[in-house]
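Whatever order the structure lists ligands and atoms in, that order sets their numbers, starting from 1.
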Amino acid sequence: MDVSQMAGIETKDVTRLDRVGAHSHILGLGLDDSGQARESSQGMVGQLRARRGAGIFLQMIKQGKVAGRSILLAGQPGTGKTAIAMGLAQSLGHDTPFHMISGSEVFSMEMSKTEALTQALRRAIGVRIKEESEIIEGEVVEIKVDRPASGTGVQVGKMVLKTTDMETQFDLGSKMIEQLTKEIISAGDVISIDKATGRITRLGKSFTRSGDYDALSTNTRLVSCPDGELQKRKEVVHVVTLHDMDVINSRSQGFIALFSGDTGEIKSEVRDQIDQRVSEWREQGKADMMSGVLFIDEVHMLDIECFSYLNRALESPVAPIVIFATNRGITTIRGTEDQSPHGIPTDLLDRTLIIPTIPYTEEELNQIIRIRGEEENVNFDDDDDALDLLTEIAKTKSLRYAMQLITTANVYARRQKQSTIKIEHIRHVLSLFADSKTAVERLGQYQSKLIGQQS
Ligand SMILES: Nc1ncnc2c1ncn2[C@@H]1O[C@H](COP(=O)(O)OP(=O)(O)OP(=O)(O)O)[C@@H](O)[C@H]1O
């Protein structure tokens with residue numbers, strides 16, 4: 001049986017999952033009941049003040065006091081700005097829409113700046129619809145992916161799912177494989193597949209397999225293997241974003257555009273129709289609206305027109321929560337000659353609560369790497385210095401680079417038929433992949449050769 005076929009469509013999962021995947025270990029802000037940040041909780045480590053600040057903003061959201069306001073996370077790269085924004089979104093509910101863009105992206109799309117911002121805002125507003133749906137729910141026994149011999153082309157595979165009463169093998173298409181990879185699904189996970197959309201949700205790890213994991217994160221939810229039939233009808237709550245609905249309803253675009261992410265401009269009549277339909281559903285009690293989070297990184301890259309547009313958009317009654325981030329200090333506001341803190345005009349800055357993020361201590365970096373390792377099902381050898389070396393790399397190069405090395409070293413270790421990452425695996429991938437600073441230095445050194453300007 002082909003899961004994608006049963007799902008009716010290949011997949012409905014939308015764009016930019018790759019960037020979100022790097023933060024899949026973040027499950028919330030890690031605060032206690034009094035709003036204090038726990039040193040390490042819900043995948044979050046350190047950055048206590050910033051998390052506390054975000055926690056207060058969270059309370060304001062819950063009390064409906066944020067209209068027209070936003071927060072700005074200001075700090076060096078790799079200090080957890082995206083992680084905090086995501087933690088805040090997660091604290092609002094695990095199905096809260098979270099959409100991230102970078103300021104510069106607004107200019108690179110084949111559409112006007114305001115259209116790009118409107119799409120981004122609508123991607124962060126959810127409509128929660130309740131309906132009975134067919135799902136497949138079971139424990140993953142095995143996933144096998146066949147790589148095409150050429151190394152490129154469509155991937156196919158098989159997945160065996162079981163309940164306490166039955167076991168079935170499903171064929172996997174490339175989109176399903178992509179989703180399974182993104183969600184880091186492996187044997188022992190209990191998952192649910194919505195047949196209407198093909199969306200996969202990891203419900204937790206099976207109790208029966210919990211003894212098999214050396215490194216079981218404290219975040220890991222343990223659940224029982226489901227019983228009865230694999231396929232069942234359940235009342236499920238779908239969250240679709242206003243943007244998804246716009247795209248599906250725009251006749252020239254349709255579903256296909258959702259997969260490619262290339263949606264082009266959407267006509268305002270289409271948006272009006274969707275708004276109208278959603279408001280009818282709300283009156284009939286069929287749907288609720290939910291504000292998600294729009295995270296705009298590199299906000300200093302936006303220009304004055306974008307800022308004016310956002311200023312107005314923030315006041316709309318259906319605005320999402322907008323979180324800005326930047327690593328710039330005083331800089332020119334694009335499109336003007338004026339300078340301002342973080343390159344943001346003062347009228348917008350005035351409505352923004354600024355939360356600084358600070359560099360991590362060595363101990364914190366070590367913990368973040370450990371958690372990320374657990375998330376990727378990586379075991380570190382306790383008698384070995386692999387974790388210390390990664391910590392050192394995070395400190396001297398960048399945290400992101402250290403995280404990339406976890407993934408690559410794991411692939412290498414597995415190819416060497418070893419189940420734990422050792423220092424030699426890290427050294428090997430270090431010799432293969434340069435960090436961005438080293439790459440830039442090298443490019444500078446060889447620039448004349450690269451662009452053929454040697455005399
Ligand atoms: N406090 C934290 N606890 C757990 N993980 C974290 C924390 N801070 C950062 N990370 C993880 O470290 C990586 C880099 O952090 P992140 O992308 O949030 O930094 P950033 O400040 O947004 O960087 P940039 O300015 O480059 O966008 C991510 O995978 C993130 O999830």
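- Ring geometry, His425 versus Tyr412: the interplanar angle exceeds 60°, so the pair is classed perpendicular (tilted spans 30 to 60°).
- By the 6.0 Å contact criterion, CZ on Arg271 is enclosed, its count of non-hydrogen atoms from other residues, nucleotides or ligands being greater than 12.
- Looking at every heavy atom in both residues, Phe295 comes nearest to Phe98 through CB-CZ, 3.8 Å.
- The contact shell of ligand 1, taken as protein residues with any non-hydrogen atom closer than 4.0 angstrom, comprises Ala22, His23, His25, Ile26, Gly43, Met44, Val45, Gln76, Pro77, Gly78, Thr79, Gly80, Lys81, Thr82, Ala83, Asp297, Tyr360, Ile368, Leu399, Arg400, Met403.
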Stepwise salt bridge (charged side-chain N to carboxylate O under 4.0 Å, His left out) check, Asp194 with Arg199: CA-CA 5 Å; Asp194 183 337; Arg199 193 179 291 273; over 6 Å; no
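- A 4.5 Å side-chain heavy-atom check between Asp347 and Ser308 finds every atom pair outside the cut-off.
- Here the options are Ile125, Val239, Val127, Val293, the test is side-chain contact (heavy atoms from CB on, under 4.5 Å), and the partner is Pro97; only Val239 passes.
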